[in-house]
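This report refers to the structure that appears directly beneath it.
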Amino acid sequence: MKRYLYLIFIMVLSLIFISGCAETTDWEPTEYENVNNIDDVSMTIKEGTVSPTGLTVVLENNSDVELIYSEDFLLEKNINGKWYEVPVIVESYGFDDIGYILASGEIGEWNVEWSWLYGNLDAGEYRIIKIIIDSGSPGDIKQYILAAEFKILSNKNN
(Lines give C-alpha, C1' and ligand atoms only; values in the text may rest on other atoms or scores of the structure.)
Protein backbone atom coordinates (compact mmCIF):
# COMPACT_ATOMS: atom_id res chain seq x y z
CA MET A 1 0.00 0.00 0.00
CA LYS A 2 2.84 2.41 0.85
CA ARG A 3 4.43 1.69 -2.49
CA TYR A 4 1.23 2.71 -4.34
CA LEU A 5 0.89 5.90 -2.28
CA TYR A 6 4.54 6.72 -2.98
CA LEU A 7 4.02 6.06 -6.69
CA ILE A 8 0.91 8.28 -6.77
CA PHE A 9 2.80 11.01 -4.89
CA ILE A 10 5.65 10.92 -7.43
CA MET A 11 3.20 11.02 -10.35
CA VAL A 12 1.38 14.03 -8.89
CA LEU A 13 4.68 15.87 -8.34
CA SER A 14 5.74 15.07 -11.91
CA LEU A 15 2.48 16.40 -13.32
CA ILE A 16 2.82 19.59 -11.31
CA PHE A 17 6.39 20.06 -12.55
CA ILE A 18 5.47 19.34 -16.15
CA SER A 19 2.47 21.69 -16.12
CA GLY A 20 4.60 24.47 -14.61
CA CYS A 21 7.16 24.13 -17.41
CA ALA A 22 4.66 23.59 -20.23
CA GLU A 23 3.81 27.26 -20.62
CA THR A 24 7.31 28.18 -21.73
CA THR A 25 8.15 25.19 -23.94
CA ASP A 26 6.97 26.96 -27.13
CA TRP A 27 7.97 30.40 -25.91
CA GLU A 28 11.24 32.05 -26.88
CA PRO A 29 13.15 33.96 -24.19
CA THR A 30 13.38 37.69 -24.78
CA GLU A 31 16.14 39.10 -26.90
CA TYR A 32 15.63 42.52 -25.29
CA GLU A 33 17.62 42.72 -22.07
CA ASN A 34 18.48 46.42 -22.46
CA VAL A 35 15.21 48.35 -22.82
CA ASN A 36 14.28 51.99 -22.31
CA ASN A 37 17.80 52.82 -23.42
CA ILE A 38 17.28 56.40 -24.56
CA ASP A 39 17.44 59.34 -22.17
CA ASP A 40 14.44 61.65 -21.82
CA VAL A 41 12.09 59.41 -23.83
CA SER A 42 9.47 57.20 -22.22
CA MET A 43 6.70 54.82 -23.15
CA THR A 44 3.88 54.19 -20.67
CA ILE A 45 0.45 52.63 -20.74
CA LYS A 46 -2.51 55.01 -20.65
CA GLU A 47 -4.48 54.37 -17.50
CA GLY A 48 -7.74 52.49 -17.99
CA THR A 49 -6.98 51.27 -21.52
CA VAL A 50 -5.62 47.76 -20.86
CA SER A 51 -7.74 44.85 -22.04
CA PRO A 52 -6.94 41.28 -23.16
CA THR A 53 -7.06 42.52 -26.78
CA GLY A 54 -5.26 45.87 -26.68
CA LEU A 55 -4.26 49.10 -24.95
CA THR A 56 -3.09 52.63 -25.56
CA VAL A 57 0.58 53.54 -25.35
CA VAL A 58 1.78 57.05 -24.46
CA LEU A 59 5.12 58.08 -25.95
CA GLU A 60 6.79 61.13 -24.44
CA ASN A 61 9.81 62.78 -26.06
CA ASN A 62 11.60 65.16 -23.69
CA SER A 63 14.86 64.87 -25.64
CA ASP A 64 16.17 67.43 -28.11
CA VAL A 65 15.85 65.12 -31.13
CA GLU A 66 13.02 64.15 -33.42
CA LEU A 67 12.12 60.45 -33.24
CA ILE A 68 10.22 58.08 -35.51
CA TYR A 69 8.17 55.00 -34.65
CA SER A 70 5.98 52.67 -36.68
CA GLU A 71 3.10 50.21 -36.25
CA ASP A 72 5.24 47.19 -35.32
CA PHE A 73 5.41 45.86 -31.76
CA LEU A 74 6.13 42.73 -29.78
CA LEU A 75 4.46 41.36 -26.66
CA GLU A 76 6.30 39.51 -23.90
CA LYS A 77 5.05 37.77 -20.77
CA ASN A 78 6.83 37.54 -17.43
CA ILE A 79 6.93 33.89 -16.38
CA ASN A 80 8.70 33.08 -13.13
CA GLY A 81 10.67 36.33 -13.27
CA LYS A 82 11.84 35.96 -16.90
CA TRP A 83 10.49 37.59 -20.05
CA TYR A 84 9.30 35.39 -22.95
CA GLU A 85 7.92 36.38 -26.35
CA VAL A 86 4.20 35.69 -26.58
CA PRO A 87 3.71 33.27 -29.52
CA VAL A 88 1.74 34.63 -32.47
CA ILE A 89 -1.38 32.81 -33.64
CA VAL A 90 -0.92 33.45 -37.38
CA GLU A 91 1.71 32.00 -39.68
CA SER A 92 2.36 35.02 -41.85
CA TYR A 93 1.83 38.65 -40.90
CA GLY A 94 3.16 42.14 -41.37
CA PHE A 95 2.67 45.69 -40.15
CA ASP A 96 1.82 48.83 -42.07
CA ASP A 97 5.06 50.66 -42.83
CA ILE A 98 3.98 54.05 -41.53
CA GLY A 99 6.49 56.36 -39.86
CA TYR A 100 5.04 58.46 -37.06
CA ILE A 101 7.09 61.47 -36.03
CA LEU A 102 7.51 62.24 -32.34
CA ALA A 103 8.99 65.73 -32.25
CA SER A 104 11.09 67.05 -29.40
CA GLY A 105 8.82 67.97 -26.49
CA GLU A 106 5.87 66.07 -27.96
CA ILE A 107 3.58 63.50 -26.35
CA GLY A 108 1.91 60.99 -28.64
CA GLU A 109 -0.68 58.28 -28.11
CA TRP A 110 -0.77 55.06 -30.09
CA ASN A 111 -3.64 52.57 -29.92
CA VAL A 112 -2.57 48.93 -30.11
CA GLU A 113 -4.96 46.11 -30.97
CA TRP A 114 -3.31 42.68 -30.95
CA SER A 115 -6.11 40.10 -31.03
CA TRP A 116 -5.41 39.44 -34.74
CA LEU A 117 -1.78 38.57 -33.89
CA TYR A 118 -1.84 37.15 -30.34
CA GLY A 119 -5.51 36.45 -29.61
CA ASN A 120 -6.90 37.37 -26.19
CA LEU A 121 -4.17 37.44 -23.56
CA ASP A 122 -4.56 35.36 -20.41
CA ALA A 123 -4.16 36.91 -16.99
CA GLY A 124 -0.55 37.79 -16.21
CA GLU A 125 2.22 40.37 -16.33
CA TYR A 126 3.19 41.54 -19.82
CA ARG A 127 5.21 44.18 -21.56
CA ILE A 128 4.99 45.72 -24.99
CA ILE A 129 8.24 46.25 -26.89
CA LYS A 130 8.56 49.05 -29.40
CA ILE A 131 11.45 50.23 -31.54
CA ILE A 132 11.97 53.97 -31.86
CA ILE A 133 14.44 55.56 -34.27
CA ASP A 134 16.54 58.70 -34.10
CA SER A 135 17.30 59.34 -37.75
CA GLY A 136 19.70 62.18 -36.91
CA SER A 137 21.74 63.04 -39.94
CA PRO A 138 21.77 60.89 -43.10
CA GLY A 139 23.63 57.64 -42.49
CA ASP A 140 23.48 58.10 -38.70
CA ILE A 141 20.39 56.12 -37.73
CA LYS A 142 20.14 55.08 -34.07
CA GLN A 143 17.62 52.51 -32.92
CA TYR A 144 16.31 52.29 -29.35
CA ILE A 145 14.09 49.76 -27.61
CA LEU A 146 11.24 50.97 -25.42
CA ALA A 147 9.20 48.74 -23.11
CA ALA A 148 6.12 49.36 -21.00
CA GLU A 149 4.77 46.81 -18.54
CA PHE A 150 1.10 46.08 -17.91
CA LYS A 151 -1.09 43.48 -16.25
CA ILE A 152 -4.03 41.54 -17.58
CA LEU A 153 -6.22 40.71 -14.61
CA SER A 154 -8.54 38.32 -16.44
CA ASN A 155 -9.38 37.20 -19.95
CA LYS A 156 -12.42 39.48 -19.91
CA ASN A 157 -12.35 43.22 -20.56
CA ASN A 158 -10.66 44.86 -17.56
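All values reported here derive from a predicted model rather than from experimental measurement.
Using a 4.5 Å heavy-atom threshold, the side chains of Ile45 and Thr56 count as separate. Residues Ile141 and Ile133 are in side-chain contact: their nearest non-hydrogen atoms beyond the backbone lie under 4.5 Å apart. You'll find the side chain of Tyr69 reaches within 4.5 Å of the side chain of Leu59, heavy atoms only. Put simply, the side chain of Val50 reaches to within 4.5 Å of the side chain of Ile152, judged on heavy atoms. Contact annotation: the side chain of Arg127 approaches that of Thr30 to within less than 4.5 Å [non-hydrogen atoms, C-beta and beyond]. You'll find the side chain of Lys82 stays beyond 4.5 Å of the side chain of Ile79, heavy atoms only. In this structure the side chain of Ile89 never reaches within 4.5 angstrom of the side chain of Leu117, judged on heavy atoms. Between Ile128 and Val57, the closest side-chain pair of non-hydrogen atoms falls below 4.5 Å.
Criterion: ILVMFWY side-chain heavy atoms under 4.5 Å apart, direct or through other members. Under it, Met43 and Val58 are not part of a common hydrophobic cluster. With hydrophobic clusters built from ILVMFWY side chains whose heavy atoms lie under 4.5 angstrom apart, Ile107 does not share a cluster with Tyr100. Taken together through direct or relayed side-chain contacts under 4.5 Å among Ile, Leu, Val, Met, Phe, Trp and Tyr, Val112 and Val35 form part of one hydrophobic cluster. The same ILVMFWY cluster, assembled from side-chain heavy atoms under 4.5 Å apart, contains both Leu55 and Leu121.
Nearest heavy atom pair, residue Ser104 against residue Asp64, reads OG-CA, 3.5 Å. Heavy-atom minimum distance, Asp26 versus Pro87: O-CG, 4.2 Å. Residues Leu102 and Gly108 approach most closely at CD1-N, 3.7 Å, considering heavy atoms. Shortest non-hydrogen contact noted between Ile38 and Leu67 is CD1-CD2, 4.0 Å. Residues Thr53 and Asn120 come closest through the heavy atom pair CG2-OD1, 2.9 Å.
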| message | What verdict does the side chain to side chain contact (heavy atoms under 4.5 Å, CB included) test give for Tyr32 and Trp83, after you've listed the backbone C-alpha separation in whole Å, the side-chain angles of each residue and the deciding distance to 0.1 Å? | response | CA-CA 9 Å; Tyr32 301 107; Trp83 291 106; over 6 Å; no

| query | Should Glu125 and Lys77 be marked as a salt bridge (charged side-chain N to carboxylate O under 4.0 Å, His left out) after you check the CA-CA gap, both sets of side-chain angles, and the distance that decides it? | reply | CA-CA 6 Å; Glu125 182 182 349; Lys77 185 174 186 180; over 6 Å; no

| query | Checking side chain to side chain contact (heavy atoms under 4.5 Å, CB included) for the pair Glu85/Glu31: CA distance, chi angles, key distance, verdict? | reply | CA-CA 9 Å; Glu85 292 182 23; Glu31 63 180 84; 3.9 Å; yes

| request: Take Val41 and Asn62 through the side chain to side chain contact (heavy atoms under 4.5 Å, CB included) test and state the conclusion after the steps. | output: CA-CA 6 Å; Val41 178; Asn62 291 313; over 6 Å; no

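Heavy atoms from other residues, nucleotides or ligands lying under 6.0 Å from CD of Glu113 number more than 12.
The line from CD1 of Ile132 to CG of Asn36 is 10.5 Å long, rounded to the nearest 0.5 Å. Separation of atoms CG (Leu146) and OG (Ser42) is listed at 8.0 Å; rounding is to 0.5 Å. Note that CG of Asp97 and CG of Asp72 are 8.5 Å apart. Values are rounded to the nearest 0.5 Å. Between the CD atom of Glu76 and the CD atom of Glu28 there is a distance of 11.0 Å, given to the nearest 0.5 Å. Expressed to the nearest 0.5 Å, how far CG of Asp140 lies from CG of Asp134 amounts to 7.0 Å. We find the CG-OH distance between Asp39 and Tyr144 to be 8.5 Å, quoted to the nearest 0.5 Å.
Stacking of Lys130 on the aromatic ring of Trp110 is recorded, both the 6.0 Å distance cut-off and the 45° axial limit being met.
Not one N or O on the side chain of Glu66 forms a donor-acceptor pair closer than 3.5 Å with the backbone of Ile68. Asn61 places a side-chain N or O within donor-acceptor distance of the main-chain N or O of Ser63, the cut-off being under 3.5 Å.
Of the residues Tyr118, Phe150, Trp114, Phe73, the one that meets the ring-ring contact (aromatic ring centres under 6.0 Å, His included) test with Tyr126 is Phe150.
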